[in-house]
Protein chains: 2
Amino acid sequence: MATIYDVAKQAGVSAATVSRVVNGRASVDTALAARVQQAMRELDYRPNALARNLRRRQTSIWAVVISDIGNPFFTSMVRGIEDVAQGAGYSVVLCNSDEDAAKEARYVAAALEEQMAGVIISSAGRAANVNRLIEAGTPVVAIDREVRGAAVDTVLVDNEHGAELAVEHLIEAGYERIACIGGPRRLPTAQQRLRGYQRALRAHRRPADDELVRHGDYRQEGGYQAMAALLDEGERPDAIFAANNLMTIGALECLADRGISVPDRMGVVGFDDIPWAHLVRPSLTTVAQPTYELGRTAALLLAERIAEPSRPPSTVTLRTELKVRASSNRPSVA
Amino acid sequence: MATIYDVAKQAGVSAATVSRVVNGRASVDTALAARVQQAMRELDYRPNALARNLRRRQTSIWAVVISDIGNPFFTSMVRGIEDVAQGAGYSVVLCNSDEDAAKEARYVAAALEEQMAGVIISSAGRAANVNRLIEAGTPVVAIDREVRGAAVDTVLVDNEHGAELAVEHLIEAGYERIACIGGPRRLPTAQQRLRGYQRALRAHRRPADDELVRHGDYRQEGGYQAMAALLDEGERPDAIFAANNLMTIGALECLADRGISVPDRMGVVGFDDIPWAHLVRPSLTTVAQPTYELGRTAALLLAERIAEPSRPPSTVTLRTELKVRASSNRPSVA
DNA sequence: TGGCCACGTCGTAGATGGTCGCCATCGTTC
DNA sequence: GAACGATGGCGACCATCTACGACGTGGCCA
């Protein structure tokens with residue numbers, strides 16, 4: 001592979017001049033510049049990004065650390081990030097932490113070692129990882145999950161409000177005993193969605209029975225097990241609110257296995273949409289998040305922070321939207 | 001950020017010794033090594049990957065170039081790649097080419113500039129991109145799609161056979177007029193699946209009517225449009241074989257919009273599974289691909305090629321499996 | 001007209017942080 | 001005493017960027 005020196009020799013100039021032509025920062029005589037361009041074409045010269053990165057002490061890569069690459073919520077978000085990154089001249093690296101704090105820490109370490117230009121993170125755990133990045137001066141944006149104890153740009157959705165809407169909708173549809181399949185207790189999104197659920201019950205003077213709340217792991221399997229527990233233990237609910245998309249799928253699976261018909265004997269609303277929610281039968285009522293927009297916003301915030309590292313961190317909260325479909329349509333009791 | 005020289009000073013040794021301790025290549029006296037470890041901890045030393053990469057003329061990153069990050073087929077495949085990469089000490093960068101040859105070329109250029117340790121690619125277009133990598137000495141593995149005109153390690157599934165099985169199944173289920181929603185003509189997978197469809201028809205002496213074959217873009221929208229065309233133009237089929245998962249979803253959507261019941265009035269089999277195929281009503285008969293295994297195999301091949309660059313390229317073909325569910329269950333005519 | 005200064009260009013030389021080949025040293029063993 | 005292995009330091013090297021200074025030109029002022 002040709003280096004900058006080969007080009008310089010071919011064009012009869014110094015390497016510095018070639019560098020100037022490549023980067024367009026300083027002024028170079030037009031005739032010389034043309035000769036350099038010519039030489040670059042002839043040698044099929046590609047600047048060595050490694051050397052440039054070392055010298056500039058920074059890559060042009062953004063790391064995106066997410067907790068589950070298989071969740072369509074994240075893939076759509078990543079698209080939003082990618083589109084902005086592309087436009088701003090950055091590449092995007094995807095890191096899949098699998099909700100594992102250790103794996104997340106490894107990726108953060110890698111981001112530091114590789115001197116990534118920025119990090120967008122949906123953190124599984126404590127603030128330590130995020131703070132490590134901030135201390136090292138790496139621009140960071142938290143997405144989807146707020147990070148307590150870290151001063152960082154953040155993009156969220158109104159989880160509590162969305163959950164409240166969902167549960168209110170179930171109440172208005174006539175369901176009586178509404179259960180909740182919550183997410184992992186340590187995750188802020190799970191806590192907020194649970195609060196929304198409780199708030200709606202309280203507002204409508206429904207008792208908040210502890211037996212009605214189960215916690216899953218935000219995966220399909222967890223949703224299945226939580227649903228099974230709700231069916232087998234204690235007084236059976238007639239509707240459920242599930243705190244994320246994959247757990248909703250799991251719950252539906254369980255209900256199908258048990259032959260419990262939705263929405264007649266069990267109303268179902270899930271948090272976060274699924275691309276084919278309307279193909280599932282019955283079609284699924286969901287609290288839709290603006291996933292693409294979430295990614296876009298985070299990427300824009302990151303670009304701004306890179307441009308202006310010292311500005312105070314800001315938090316953007318996007319709205320959710322209740323999409324009423326068939327799974328929460330209780331047949332009126334005659 | 002502390003450099004290797006800071007650590008060397010702190011431990012009272014030379015930078016070379018610190019390097020040896022970090023990399024564990026050469027033997028270092030235990031006492032010295034301990035002092036170095038101590039100094040690294042005290043200074044919170046992180047090796048600068050950029051400098052190492054420059055010197056070694058290689059990063060420890062694998063680029064995975066895929067054509068649609070939103071397709072669960074690819075996300076599962078990526079998991080398989082990641083797990084192997086993780087174990088072998090590599091990080092994985094995801095590049096989303098969106099079936100766009102130009103975008104793909106940009107990512108390939110980036111992989112060359114950043115001197116990626118290896119590339120796994122599901123190429124959208126011609127062999128030029130892959131050959132550029134091979135010429136530069138970058139280890140490459142083609143996945144899911146063979147690359148004609150390039151001598152490269154390849155991992156495929158038996159597309160033709162899988163498609164044949166699917167169509168045979170529809171024939172045996174009693175469907176008469178079986179249509180095909182094929183993929184983009186230029187893609188080898190689309191060509192192979194189409195051939196499997198045609199072969200099955202021929203074997204059962206069904207006429208291969210050109211009117212019964214439409215081509216989509218491997219996305220949901222394309223499946224929807226192809227289905228609509230099949231319904232509106234010419235003699236209507238009573239079953240369809242769709243050449244990938246997202247187009248199957250699109251076709252189902254179209255059928256639902258038109259009120260055409262599946263499997264009574266239209267049998268449906270799709271190529272490639274969907275995580276929640278059994279939740280869609282009716283549950284979906286599919287040709288399942290070993291997606292995770294596909295990724296794993298490609299990653300293993302890449303690791304082998306990196307270890308032994310001169311070995312002749314090999315091709316691995318994995319088997320598909322027909323998963324019979326409800327969407328192809330034709331009610332027997334009384 | 002001569003001298004000085006500003007400015008546009010361009011080359012030299014170091015800096016970036018690690019890695020590794022080579023060589024010196026030291027202790028051990030035969 | 002020679003041979004050998006283990007150990008650790010020196011300095012070149014990776015490809016690029018950039019601070020600094022040199023050089024030439026032209027304008028302006030005395």
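Reminder, nothing fancy here: chain letters follow the sequence lines and each chain counts from 1.
Around the NZ atom of Lys9(B), the shell of radius 6.0 Å holds no more than 12 heavy atoms that belong to other residues, nucleotides or ligands. Atom CZ of Arg185(A) sits in a sparse spot, with 12 or fewer heavy atoms from other residues, nucleotides or ligands closer than 6.0 Å.
The distance between atom CD of Gln58(B) and atom P of dC20(C), rounded to the nearest whole Å, is 12 Å. Here dG8(C) presents its C1' atom at 10 Å from CG of Asp29(A), a figure rounded to the nearest Å.
Taking the nucleotide of DNA chain D with the nearest heavy atom to each of Val18(A) and Val13(B), the more 5' of the two is matched to Val13(B).
A donor and an acceptor atom, one from each side chain of Glu114(A) and Thr59(A), are nowhere located under 3.5 Å apart. Between the side chains of Tyr292(A) and Asp83(A), at least one donor N or O sits under 3.5 Å from an acceptor N or O.
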- Query: Checking side-chain contact (heavy atoms from CB on, under 4.5 Å) for the pair Glu99(B)/Leu187(B): CA distance, chi angles, key distance, verdict?
  - Reply: CA-CA 10 Å; Glu99(B) 299 284 11; Leu187(B) 293 185; 4.1 Å; yes

- Task: Heavy atoms under 4.0 Å is the rule here; annotate nucleotides 12-18 of chain C 5' to 3' with B where the base is hit, S where only the sugar-phosphate is, and - elsewhere.
- Result: B-BBBBB

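Residue-level contact check: Val28(A) touches the backbone only, with heavy atoms under 4.0 Å from sugar-phosphate atoms and none from bases.
Using a distance-only test at 3.5 Å, with no hydrogens or angles considered, no donor-acceptor pair links the side chain of Ser97(A) to the main chain of Cys95(A). Formation of a donor-acceptor pair under 3.5 Å by the Asn71(B) side chain with backbone atoms of Phe73(B) is found in this model.
Across the helix from dT1(C)-dA30(D) to dC30(C)-dG1(D), the helix axis at one end is tilted relative to the axis at the other end by 50° (nearest 10 degrees, each axis from five pairs).
Taking a cutoff of 4.0 Å between a charged side-chain nitrogen and a carboxylate oxygen, Arg106(A) and Asp100(A) do not qualify as a salt bridge.
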